[in-house]
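Reading through the structure tokens given below for one structure.
The analysis underlying the following values was restricted to heavy atoms, covering all of them including side chains, and did not include hydrogens, waters or symmetry mates. Quick note on labels: first sequence line is chain A, next is B, and so on, each numbered from 1.
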Amino acid sequence: MIRLYNTLTRKKEDFVTLEPNRVKLYVCGVTVYNDAHVGHAMSAIVFDIVRRYLEYRGYEVKHVMNYTDVDDKIINRANALGEDPLKLSQRYIEDYAKNLADLNVLPATSNPQVSKTMPLIIKFIEGLIEKEHAYPAPNGDVYFRVVSDEDYGKLSGRKLEDMQAGARVEVGEMKQHPMDFALWKAAKPGEISWDSPWGKGRPGWHIECSAMNLAELGEQIDIHGGGNDLIFPHHENEIAQTESYTGKQFARYWIHNGMLQLGGEKMSKSLGNIISIHDFLKTRSADVMRMLVLMGSYRAPLIFNDETQDAAEKSLDRVKSALRPASPSASGLAAGAAAELAAQAESTKQAFIAAMDDDFNSPLALAALYELVKAINTARDNGANDDQLAPAQNALRELTGVFGLQLKEKTGSSEAEAQVKALIAERNEARKQKNWARSDELRDQLKALGVAIEDSKDGTTWRWS
RNA sequence: GGCGUCGUGGCCAAGUGGUAAGGCAAGGGUCUGCAAAACCCUCACCACGGGUUCAAAUCCCGUCGACGCCUCCA
């Protein structure tokens, strides 16, 4: 039984889907107006692993991730660049899709966009007005009436009274209650806009997700996810809108990832402490980013610095060490030892599943993988041949695959490879003559080329490092 | 000020009543011409102060501190 921490109840709960073996998963995507950063990568990877794990456990997952392509920031940036806002956002949608592919994030089942959901958004708002959950203001805005929603604040644990006491709530003169929020914003002159019963305008931020959810997944969904910075107001308002509109519970489980921290602060576009996904991938692999995410709980803040990145990289090397072939002169393992390795593969699999079933406890699942890594390496040291290693290595591949790790060994061009082989041949000759000085010199040369040398009884092996 | 999450070894991080997983780093060892890789060994009384209990990192109260949200934000 899978258990999930549900933000709505602040407890771990048994995961029971609306329909057997099917999961409706909606994850808030990004607002597309500039490069996405590694914080977005973290969120995307977290939910990619959720999706991959649910599929591994036999669920058919319908995974929806939206793009917010109509928004103040997009309009501002487009104005600054003298570009059409929808062209700009389309450009960044394609860019983000490439980021995700580079990170080995599986494409969502669908990627709805605000600009393509306008009729439904308008219909949704009309429905809310009809039910007196919303009201048009004289200036052409439409607001959601928070006092009409008796359990408003249930996700974030806030009460309307508390929020009114807060110093930073601004009372808009068009609003009946300071916490009322815009469903529709009247267009300012020259702004991109759509026709509506309330005049030209565009949707507020929250209504789009309610509408796209309804369009893609229906009135009720299993899991709604996103960064924990979206809990309030975004997800709170989504709940208010959708439940007021349908009269049914919206999402059963709300899951939120923690924030990626750079220098002790949340990485965010507003703070400007950003490392883009493009820049990250210039020096590190997608696997490193994924490993970084896996090393901690998805709900906790992720400490992102050189030290943690190095640790992630080394940890990956360790996992990869188990996937190397048997030594050339492997004499074969005794039957008992081979059976032991098979048993370890099986118990690792069980431990992995038990860990991941418990609210995606990836650090614990990783610990199980390292046990298998150790067992495989020990077996190899003890003379296991490739056939004997294969089942355990396949199990390791299977489980790391659930994490979306690719575990590729580095490669070089064929010319470089030819050069390396020549140097190694020369070195072997020197070693035969016990010319250690020359041998070590050649090893240094190879190291400079990025080649690691390993000598053993049965000869020299090498790999790109 | 309000709401929420949290404070475990040098770093990252599991563990939510019975005397602390794992990874990285570090030190020692096996192997090696020397290395490297792999393997073996060593390395914490869990922010602080009270309390509950036969027993607490784990429950309760308090203090201090960190982070997130309350404004756009994955």
Side-chain angles (χ1 to χ4, degrees), chain A residues 7 10 27-31 33 36-47 65 68 71-73 153 155-159 161-170 179 205 225-234 236 256-261 264-271 291-292 294-297 299-303 305 307-319 321-322 324 327 351 355 358 361-371 373-374 376-378 380-382 431 434-437 439-440 443-444 447 452-457 460-463 465:
Chain A
T7 306
R10 310 271 169 194
V27 181
C28 283
V30 291
T31 302
Y33 66 97
H37 57 71
V38 287
H40 300 115
M42 175 196 183
S43 189
I45 288 169
V46 163
F47 290 102
M65 187 200 74
T68 297
D71 162 273
D72 283 340
K73 295 197 170 178
L155 180 68
S156 56
R158 291 154 206 251
K159 298 189 180 82
E161 309 84 72
D162 294 341
M163 289 187 279
Q164 286 182 75
R168 292 161 94 178
V169 175
E170 280 175 38
M179 292 311 295
W205 177 33
N228 69 13
D229 55 346
L230 296 181
I231 294 172
F232 189 89
H234 186 54
E236 194 70 74
H256 292 97
N257 64 277
M259 294 293 102
L260 183 142
Q261 305 280 128
E265 272 184 319
K266 167 187 170 186
M267 179 177 290
S268 79
K269 293 178 186 175
S270 338
L271 288 170
M291 187 53 113
L292 218 37
L294 291 164
M295 287 191 317
S297 157
R299 287 192 278 134
L302 170 61
I303 297 173
N305 58 34
E307 212 173 350
T308 57
Q309 289 176 65
D310 286 345
E313 188 138 15
K314 293 297 193 64
S315 301
L316 279 168
D317 286 343
R318 177 157 177 72
V319 176
S321 75
R324 292 179 199 147
S327 68
D358 184 14
N361 189 338
S362 56
L364 193 58
L366 276 176
L369 295 186
Y370 291 124
E371 272 192 62
V373 165
K374 189 179 288 185
I376 292 171
N377 285 335
T378 298
R380 186 194 297 102
D381 282 356
N382 290 341
R431 294 186 72 219
K434 300 201 189 300
N435 184 349
W436 307 128
S439 162
D440 292 351
R443 182 165 62 199
D444 288 344
K447 190 178 178 190
I453 291 293
E454 285 165 20
D455 298 324
S456 75
K457 298 177 199 68
T460 298
T461 57
W462 66 279
R463 64 173 182 278
S465 66

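- Contact between the side-chain N/O atoms of A:Asn361 and the OP1/OP2 oxygens of B:G15 is found at a separation under 4.0 Å.
- Dashed line: the shortest gap from a side-chain N or O of A:Lys266 to OP1 or OP2 of B:A74 is not under 4.0 Å.
- Between the side chain of A:Ser439 and the base of B:G33, a donor-acceptor pair under 3.5 Å is found.
- Contact annotation for A:Ser268: base contact, defined as any heavy-atom pair under 4.0 Å involving a base atom.
- Each of A:Gly29 and A:Asn377 has a nearest nucleotide on RNA chain B; the 5'-most of these lies closest to A:Asn377.
- A close approach under 4.0 Å does not occur between any side-chain nitrogen or oxygen of A:Asn228 and OP1 or OP2 of B:G68.
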Could you list, one pair per line, each protein nitrogen or oxygen that sits under 3.5 Å from a nitrogen or oxygen of nucleotides 35-37 of chain B, together with the distance?
{"residue": "B:A35", "atom": "N6", "partner": "A:Asp455", "partner atom": "N", "Å": "3.4"}
{"residue": "B:A35", "atom": "N6", "partner": "A:Asp455", "partner atom": "O", "Å": "2.8"}
{"residue": "B:A35", "atom": "N1", "partner": "A:Asp455", "partner atom": "N", "Å": "3.1"}
{"residue": "B:A35", "atom": "N3", "partner": "A:Arg443", "partner atom": "NH1", "Å": "3.1"}
{"residue": "B:A37", "atom": "O4'", "partner": "A:Glu454", "partner atom": "OE2", "Å": "3.3"}
{"residue": "B:A37", "atom": "O2'", "partner": "A:Arg324", "partner atom": "NH1", "Å": "2.9"}

Quiz item: When you check every protein heavy atom under 4.0 Å of nucleotides 21-28 of chain B, what one-letter string (B, S, -) results, 5' to 3'?
Solution: BSSSS---
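- In this structure, A:Lys457 and A:Lys73 both approach RNA chain B, and ranking their closest nucleotides by distance from the 5' end singles out A:Lys457.
- When base pairs are accepted only as Watson-Crick or G-U wobble with both N-N or N-O distances under 3.5 Å, RNA chain B takes part in stems of 3 or more pairs at B:1-7 with B:64-70, B:10-12 with B:22-24, B:26-30 with B:38-42, B:47-51 with B:59-63.
- Contact of A:Ser270 with B:C72 (side chain to base): a donor-acceptor pair of N or O atoms is detected under 3.5 Å.
- As rounded to whole Å, 7 Å separates atom P of B:U71 from atom CZ of A:Phe232.
- A donor-acceptor contact shorter than 3.5 Å links the side chain of A:Glu236 to the backbone of A:Gly153.
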